[in-house]
Amino acid sequence: MSRVVTVAAAQLGPVQRTDSRADVVERMLVLLRAAAARSCDLVVFPELALTTFFPRWYVDDIAAADHFYERAMPNDATAPLFAEARRCRIGLALGYALFGTDPDGTARRWNVQTLWDRDGREVATFKKVHIPGHESNEPDRPFQHLERYYFEPSPDGFGVWDAFGGRVGMMICNDRRWPESYRSMGLQGVELILCGYNTPLHYAPDPSQDPLQGFHNQLVMSAGAYQNGTFVVGVAKGGVEEGVDSLAESTIFAPSGEVLATATTAGDELVVADCDLDWCARYKDTLFDFERYRRPDVYRT
Ligand code: CDV
């Protein structure tokens with residue numbers, strides 16, 4: 001039986017502060033319908049897709065930013081997207097900020113990505129593991145990267161789920177820079193990793209990295225794909241958002257590490273590839289046969 005999954009990386013251009021969720025969902029619907037016209041099985045949207053990347057601003061009272069979080073998914077604003085996805089029998093992966101409340105009333109704020117199958121059933125919700133940036137206001141920066149103020153890190157690590165005829169894993173943005181993310185999923189047999197991102201081109205702690213953003217983006221996802229025999233789908237929210245230019249370059253990588261398809265703009269754009277999941281075994285059963293060749297007994301922590 002064929003295990004070809006036609007995947008669309010649904011890159012979004014900037015989402016400004018004044019854009020409503022309904023505005024963004026309209027744009028997502030255009031991409032979703034284009035994906036349906038190309039017989040896609042799965043459409044992957046970026047990290048924090050529904051709003052502007054709000055960790056670039058500090059507020060004294062964190063609750064003043066709670067309107068950027070979703071209380072449930074789907075919800076009223078996103079219902080049209082889910083209805084259309086079900087009608088077209090296309091799966092969705094979507095990054096968003098999730099607000100929850102513990103039984104004792106404690107607020108929980110997560111940066112998440114949820115995967116739904118072609119019948120609209122939720123497969124899993126992944127919480128971002130590696131939370132980059134800083135915890136408190138740093139006014140000397142041209143813009144903030146306060147993810148460590150707005151989100152708590154996942155206690156769960158990386159899961160891999162049976163979906164789309166294969167083993168599917170998720171990670172979010174900064175997770176893609178860490179070899180542990182891929183290897184943790186690789187050890188669970190992952191064949192398709194979905195990753196949304198918002199990557200400002202300017203990195204305040206070391207601006208010498210600014211011109212290397214595209215290179216590093218490709219370097220880590222290509223290596224992670226190859227070293228674990230898996231497809232990797234990287235999906236950007238790119239372009240100039242509230243004056244901050246962010247990397248686009250959404251790309252789908254093969255288990256060989258090769259680029260299958262990549263974006264050519266920094267705006268809303270569909271990047272499509274046919275991912276034959278059987279390709280993964282060519283690497284998992286040879287060079288990267290973990291059982292046979294890995295040496296965890298001699299690795300030091
Ligand atoms: N959203 C992110 O996680 N962005 C980080 C930046 C801060 C370096 C990234 O790894 O792209």
Side-chain angles (χ1 to χ4, degrees), residues 9-15 17 44-58 65 68-69 93-98 109-114 126-138 140-154 157-158 169-182 184 193-225 232-251 253 262-263 266:
Q11 175 175 288
L12 288 175
V15 175
R17 197 173 187 144
V44 186
F45 290 104
E47 177 190 32
L48 301 177
L50 297 167
T51 65
T52 199
F53 190 78
F54 61 90
R56 74 169 63 90
W57 296 293
Y58 178 71
F68 287 115
Y69 296 73
L94 173 64
Y96 57 98
L98 178 65
R109 296 174 179 86
W110 310 100
N111 186 343
V112 305
Q113 181 174 290
T114 303
F126 166 78
K127 299 182 176 102
K128 187 170 182 174
V129 170
H130 301 94
I131 308 288
H134 45 111
E135 291 82 1
S136 50
N137 195 25
E138 297 186 8
D140 290 343
R141 289 178 180 242
F143 55 89
Q144 305 296 300
H145 198 105
L146 282 158
E147 281 196 67
R148 295 177 73 85
Y149 178 58
Y150 287 113
F151 303 117
E152 55 185 297
S154 168
F158 296 94
M170 293 190 273
M171 60 186 181
I172 299 176
C173 196
N174 191 259
D175 291 326
R176 77 194 189 286
R177 302 188 190 275
W178 298 87
E180 295 90 341
S181 309
Y182 305 87
S184 171
I193 297 178
L194 314 175
C195 178
Y197 60 87
N198 285 260
T199 295
L201 292 178
H202 176 56
Y203 183 60
D206 176 19
S208 77
Q209 296 179 29
D210 294 2
L212 302 175
Q213 291 293 357
F215 167 62
H216 289 156
N217 186 55
Q218 173 153 354
L219 175 72
V220 291
M221 290 194 282
S222 172
V232 175
V233 180
V235 190
K237 174 139 68 62
V240 183
E241 194 178 88
E242 297 293 341
V244 176
D245 201 0
S246 289
L247 184 70
E249 300 186 25
S250 300
T251 302
F253 298 89
T262 194

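Counting starts at 1 for both ligands and their atoms, in listed order. Worth knowing before you read on, the calculation uses all heavy atoms, side chains too, and leaves out hydrogens, waters and symmetry mates.
Remark: ligand 1 atoms within the under-4.0 Å shell around heavy atoms of R177 are 9 (C), 10 (O), 11 (O). Within ligand 1, the atoms closer than 4.0 Å to a non-hydrogen atom of K128 are 1 (N), 2 (C), 3 (O), numbered from 1 in the order shown. Counting the atoms of ligand 1 from 1 in the order shown, those under 4.0 Å from a heavy atom of C173 are 1 (N), 2 (C), 3 (O), 4 (N), 5 (C), 9 (C), 11 (O). Near N174, meaning under 4.0 Å from one of its heavy atoms, ligand 1 places the atoms 3 (O), 9 (C), 10 (O). Taking a cut-off of under 4.0 Å to the non-hydrogen atoms of E47, the atoms of ligand 1 that pass are 1 (N).
Ring geometry for Y69 against F54 counts as tilted: the plane angle lies between 30° and 60°, on a 0 to 90° scale.
Using a 4.0 Å cut-off between charged nitrogen and carboxylate oxygen, E241 and R56 count as a salt-bridge pair. Taking a cutoff of 4.0 Å between a charged side-chain nitrogen and a carboxylate oxygen, E147 and K128 qualify as a salt bridge.
Annotation for W57: atom CH2 counts as buried by contact number, over 12 foreign heavy atoms lying within 6.0 Å.
A centroid separation of less than 6.0 Å is found between the aromatic rings of F126 and F158.
By heavy-atom distance, the residue among T199, I131, N198 lying nearest atom 4 (N) of ligand 1 is N198.
Nearest non-hydrogen protein atom to atom 7 (C) of ligand 1 is H145 CE1, 3.2 Å.
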Could you go through the ring-ring contact (aromatic ring centres under 6.0 Å, His included) check for H145 and F53 one step at a time?
-> CA-CA 9 Å; H145 198 105; F53 190 78; 5.1 Å; yes
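The shell of residues lying under 4.0 angstrom from ligand 1, judged by heavy atoms, excludes G133. Residue contacts with ligand 1: R176 is included, with a non-hydrogen atom under 4.0 Å away.
Screening H216, R176, Q213 for a side chain to side chain donor-acceptor pair (under 3.5 Å) involving T199 leaves a single residue, R176.
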